[in-house]
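Remarks on the structure that follows.
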Amino acid sequence: MQKTTIGILGAGAWAMALANLATDNGHEVRIWSRGGKVSLSAVLQNADIILSAISMTGVSEIVSQMEFLPLSAKTIFVTATKGLDPQTTCTPSQIWQGAFPDHPVVVLSGPNLSAEIRQSLPAATVVASKNQKAAQLVQQVFSSSCFRVYTNPDPIGVELGGTLKNIMAIAAGVCDGLHLGTNAKAALVTRGLTEMVRIGQNWGAKTETFYGLSGLGDLLATCNSPLSRNYQVGYQMAGGKTLVEVLANLPGTAEGVNTCQVLIKRAQEHSIAIPITEQVYALLQGEVTPRQALEELMLRDIKPEYNC
Ligand SMILES: NC(=O)C1=CN([C@@H]2O[C@H](COP(=O)(O)OP(=O)(O)OC[C@H]3O[C@@H](n4cnc5c(N)ncnc54)[C@H](OP(=O)(O)O)[C@@H]3O)[C@@H](O)[C@H]2O)C=CC1
Ligand SMILES: O=C(CO)COP(=O)(O)O
């Protein structure tokens, strides 16, 4: 395929794993980070693709900086951040699209623990956009024998899958940390997926997207791996540490902590039932112990599995 120029925003674990994939495929990659030597305008100049893999806390800020910088009219934006904006509850792709309405925006999300990808272990992901050509170009740029990339026409569904599973990964870490067993874990992950689908439907996402790689796939990866920072938050809190203690030693970002807070706000505004998220939030706030959170979930009113 043709060689493209890719500007990558962020130099964290995920940004560098994606940079390696594109470099290995022969593309020109320029990396920007706030502490780095290369200027933002130099990284953006004539870029075919600008990929953001910065934490949610930095997205609005970087978007505002970029609005005043020159861009190629053909530039495609790719967002790989898994979080929600605390002020607006918007997803990263909504922020990028709002600021750059004339450019295609592609969401890249899937079961992609960066430490495994950097070892070239096999993995699959999804690139989703309303602009099919843009998604196909990004698919080609990152596809390889160890990284299989699928396209998808539901960006909000793909993005929410990767974002919401972080909360369930915290809960799964608690489940394993308390040694609650395989039945409990299966129940948690399954009801967690139901909760994710309910939130997604309210947001206008397609239900089937949540049963794909970016939903169920990422849920399975992060709820079962000690490599997941979100899982580690829950696991270590179940072991008696406070959130502050866990975050002080965590390598990198656990987006589920902030996402949980934003989701509580959004669920209240839209009357969405999110019992697991509520318990994770109460735990993170120090309002309940892991055992109390478990008890609250187990003793909820009994009811049918699905609302028919
Ligand atoms: N690691 C993984 O396995 C995966 C991560 N993701 C998602 O990718 C995103 C980044 O994760 P990850 O790379 O692991 O996190 P890291 O903590 O390793 O890196 C975060 C990056 O974001 C930058 N950043 C943070 N705040 C700002 C800001 N205000 N302005 C500019 N840059 C900022 C950091 O810069 P600095 O170093 O200067 O602080 C750093 O480059 C998250 O949303 C995560 O959920 C998605 C899939 C896989
Ligand atoms: O999103 C991820 C894997 O797909 C990374 O998970 P953590 O952010 O919990 O490490």
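Starting from 1, each residue takes its place in the sequence as its number. Note that these values count all heavy atoms, side chains included, but never hydrogens, waters or copies made by symmetry. Remember, it's 1-based here, ligands and their atoms both numbered in the order they're listed.
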(request) Give the residue, atom name and distance (to 0.1 Å) of the protein heavy atom nearest atom 16 (P) of ligand 1. (result) T253 OG1, 3.7 Å
(message) Show the atoms of ligand 1 that are less than 4.0 angstrom away from any heavy atom in L113.
(response) 3 (O)
(request) Any atoms of ligand 1 less than 4.0 Å from a non-hydrogen atom of G58? List them with their elements. (result) 27 (C), 28 (C), 29 (N), 30 (N)
(message) Give me the nearest non-hydrogen protein atom to atom 13 (O) of ligand 1 as residue plus atom name, then the distance to 0.1 Å.
(response) W14 N, 2.9 Å
(request) Using a strict 4.0 Å cut-off to heavy atoms of A11, name the atoms of ligand 1 that fall inside it. (result) 41 (O)
(message) Could you check whether N224 and K185, counting side-chain N and O atoms only, form a donor-acceptor pair closer than 3.5 Å?
(response) yes
(message) Under a 3.5 Å distance rule, please check whether Q279 uses its side chain to pair with a backbone N or O of L297 as donor and acceptor.
(response) no
(message) Counting non-hydrogen protein atoms only, what is the nearest one to atom 48 (C) of ligand 1? Give residue, atom name and distance.
(response) N112 O, 3.1 Å
(request) Using a strict 4.0 Å cut-off to heavy atoms of G252, name the atoms of ligand 1 that fall inside it. (result) 17 (O)
(request) Run the contact test for K165 against ligand 2 with a 4.0 Å cut-off on heavy atoms, strictly below, and give the result. (result) yes
(request) Return a yes/no value for T81: is any of its N or O atoms, backbone included, closer than 3.5 angstrom to an N or O of ligand 1? (result) no
(message) Donor-acceptor pair, distance only, cut-off 3.5 Å: does the side chain of K165 make one with the backbone of M196?
(response) no
(message) As an exercise, identify every atom of ligand 1 less than 4.0 angstrom from a heavy atom of T57.
(response) 26 (N)
(message) Return the OG1 to CG distance between T253 and N166, rounded to the nearest 0.5 Å.
(response) 10.5 Å
(request) Among all protein heavy atoms, pick out the one at the shortest distance from atom 42 (C) of ligand 1; state its residue, atom name and that distance to 0.1 Å. (result) E255 OE2, 3.3 Å
(request) Please indicate whether any nitrogen or oxygen in G35 is less than 3.5 Å from any nitrogen or oxygen in ligand 1. (result) no
(message) Would A80 count as a contact residue for ligand 1, given that I'm defining contact as a non-hydrogen atom of the residue lying under 4.0 Å from a ligand atom?
(response) yes
(request) Considering the heavy atoms of L113, write down every atom of ligand 2 situated less than 4.0 Å from one of them. (result) 3 (C)
(message) Checking a contact table here: which protein heavy atom is nearest atom 38 (O) of ligand 1, and how many Å away?
(response) R34 NE, 2.9 Å
(message) I'd like to know if the side chain of S228 and the backbone of S225 have a donor-acceptor N/O pair within less than 3.5 Å.
(response) no
(message) Can a donor-acceptor pair be found, under 3.5 Å and without considering hydrogens, that links the side chain of N25 to the backbone of H27?
(response) no
(message) Tell me whether ligand 1 is touched by M16 - counting only heavy atoms on the residue side and a distance under 4.0 Å.
(response) no
(request) Say whether S225 and ligand 2 are in contact under the criterion: heavy-atom distance to a ligand atom below 4.0 Å. (result) no
(message) With heavy-atom distances below 4.0 Å as the criterion, list the atoms of ligand 2 near G110.
(response) 4 (O)
(message) Ignoring hydrogens and geometry beyond distance, is a side-chain donor-acceptor pair present between E28 and T4 at under 3.5 Å?
(response) no
(request) Identify which one of K82, Q97, E159 satisfies the side-chain contact (heavy atoms from CB on, under 4.5 Å) criterion when paired with P92. (result) E159
(request) Walk me through it: do E195 and T277 pass the test side chain to side chain donor-acceptor pair (under 3.5 Å)? (result) CA-CA 8 Å; E195 194 163 309; T277 305; 2.6 Å; yes
(request) Run the numbers for me: atoms of ligand 1, each under 4.0 Å from some heavy atom of S55, listed by number. (result) 20 (C), 21 (C), 22 (O), 25 (C)
(request) Give a yes or no on whether the backbone of T190 and the side-chain of T194 come within a donor-acceptor separation of less than 3.5 Å. (result) yes
(message) Under 6.0 Å from the ring centre and within 45 degrees of the ring axis: does the NZ or CZ of R118 meet both conditions for the six-membered ring of W14?
(response) no
(request) Could you tell me whether the side chains of N112 and T125 share a donor-acceptor contact shorter than 3.5 Å? (result) yes
(request) Describe, in one word, how the ring planes of F100 and F77 are oriented to each other, choosing from parallel (under 30°), tilted (30 to 60°) and perpendicular (over 60°). (result) parallel
(request) Any atoms of ligand 2 less than 4.0 Å from a non-hydrogen atom of K82? List them with their elements. (result) 1 (O), 2 (C), 3 (C), 4 (O)
(message) Just so I know, are the side chains of Q136 and Q139 near enough to count as touching, which here means a heavy-atom distance under 4.5 Å?
(response) yes
(request) Return the residue, atom name and 0.1 Å-rounded distance of the protein heavy atom closest to atom 10 (C) of ligand 1. (result) A53 O, 3.5 Å
(message) Geometry only, no angles: is N166 polar-contacting ligand 1 at N/O separations under 3.5 Å?
(response) no
(message) Using the rule side-chain contact (heavy atoms from CB on, under 4.5 Å), only one of L219, L193, D154 pairs with F210; which is it?
(response) L193
(request) Enumerate the atoms of ligand 1 whose separation from the nearest heavy atom of S114 is less than 4.0 angstrom. (result) 1 (N), 2 (C), 3 (O)
(request) Could you list which atoms of ligand 2 come closer than 4.0 Å to a heavy atom of N112? (result) 3 (C), 4 (O)
(message) So if I count the atoms of ligand 2 from 1 in the order they appear, which ones are less than 4.0 Å from some heavy atom of T222?
(response) 2 (C), 3 (C), 6 (O)
(request) Please write down residue, atom name and distance for the protein heavy atom closest to atom 18 (O) of ligand 1. (result) A13 N, 3.0 Å
(message) With heavy-atom distances below 4.0 Å as the criterion, list the atoms of ligand 2 near N230.
(response) 7 (P), 8 (O), 9 (O)
(message) On a heavy-atom basis, I'd like to know which of T163, L250, D218, L219 is closest to atom 3 (C) of ligand 2.
(response) D218
(request) Would you please test E255 and S55 for side chain to side chain donor-acceptor pair (under 3.5 Å) and show each step? (result) CA-CA 8 Å; E255 295 278 20; S55 314; 4.6 Å; no
(request) Flag G12 as yes when one of its N or O atoms lies below 3.5 Å from any N or O atom of ligand 1, and as no otherwise. (result) yes
(message) So, regarding K82 and ligand 1 (criterion: nitrogen or oxygen to nitrogen or oxygen, under 3.5 Å), is there a contact or not?
(response) yes
(message) Can you tell whether the side chains of K74 and D48 come within less than 4.0 Å, N to carboxylate O?
(response) no
(request) Please check if the side chain of Q236 supplies one atom and the backbone of V233 the other of a donor-acceptor pair under 3.5 Å. (result) no
(message) I need the nearest protein heavy-atom contact for atom 10 (O) of ligand 2: residue, atom name and distance, please.
(response) R229 NE, 2.5 Å
(request) Decide side chain to side chain donor-acceptor pair (under 3.5 Å) for Y231 and D176; before the verdict, give the C-alpha distance in whole Å, the side-chain angles of both, and the deciding distance to 0.1 Å. (result) CA-CA 9 Å; Y231 174 95; D176 285 355; 2.6 Å; yes
(request) For G10, take its heavy atoms, then give the atoms of ligand 1 lying under 4.0 Å from any of them. (result) 41 (O)
(request) Could you tell me the residue and atom name of the protein heavy atom closest to atom 11 (O) of ligand 1, and the distance to it rounded to 0.1 Å? (result) R229 NH2, 4.1 Å
